[in-house]
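See structure below.
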Amino acid sequence: DAKEMFQNRLAQNHLMRQFCDSEHIPMIDVTAALQTEVETGKNVYFPDESHWNDDGHAVAAREISAFLKIHGLDQNRK
């Protein structure tokens, strides 16, 4: 049922977060950033599926770049 699927759509994210936390593996979850873009009217997914389009990939790139900078892992450190 669609309601149940919607309620559990982030279950894999939560499981992966728990695993990464328990193994001390840094994790980047771009779900919130993608959702923010969608809520402002920007389409970040292909219309007929759940894969990111160019705008979705740009959001992910921005989030990954910020994560790397925060953790001092970017190559453009000054």
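All heavy atoms count here, side chains included; hydrogens, waters and symmetry mates do not. Here the structure is a predicted model, which means the values were calculated and not measured.
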Next item on the list: Measure the spacing between CD1 of I70 and OG of S65 and express it to the nearest 0.5 Å.
Entry: 9.5 Å
Check: Does any pair with a residue in residues 28-38 pass side-chain hydrogen bond (donor to acceptor under 3.5 Å, both in side chains), and if so which ones, sequence neighbours excluded?
Finding: N13-D29, N13-T31, D29-T31, Q35-E39
Margin query: Once side-chain hydrogen bond (donor to acceptor under 3.5 Å, both in side chains) is applied, what residue pairs with a partner in residues 15-24 remain, sequence neighbours excluded?
Written below: none
Check: Who else is in M27's hydrophobic cluster (ILVMFWY, side-chain heavy atoms under 4.5 Å, direct or via others)?
Finding: M16, F19, I25
Check: Out of curiosity, K42 NZ to D55 CG, how far, rounded to the nearest 0.5 Å?
Finding: 4.5 Å
Just distance, no hydrogens or angles: give the donor-acceptor pairs under 3.5 Å from side chains in residues 43-50, sequence neighbours left out.
{"unit_1": "N43", "atom_1": "OD1", "unit_2": "Y45", "atom_2": "N", "d": "3.0"}
{"unit_1": "N43", "atom_1": "ND2", "unit_2": "Y45", "atom_2": "O", "d": "3.1"}
{"unit_1": "E49", "atom_1": "OE1", "unit_2": "H51", "atom_2": "ND1", "d": "2.2"}

Notebook entry, point to check: Do you know which two heavy atoms are closest between V59 and A33, and how far apart they sit?
Noted result: CG1-CB, 3.7 Å
Checklist line | Inter- and intrachain pairs under ring pair (Phe, Tyr, Trp, His ring centres under 6.0 Å), touching residues 54-76, at least two apart | finding: W52-H57, F67-H71
Check: Applying the 4.5 Å side-chain criterion to the ILVMFWY set and letting contacts propagate, would L15 and L10 be lumped into a single cluster?
Finding: no
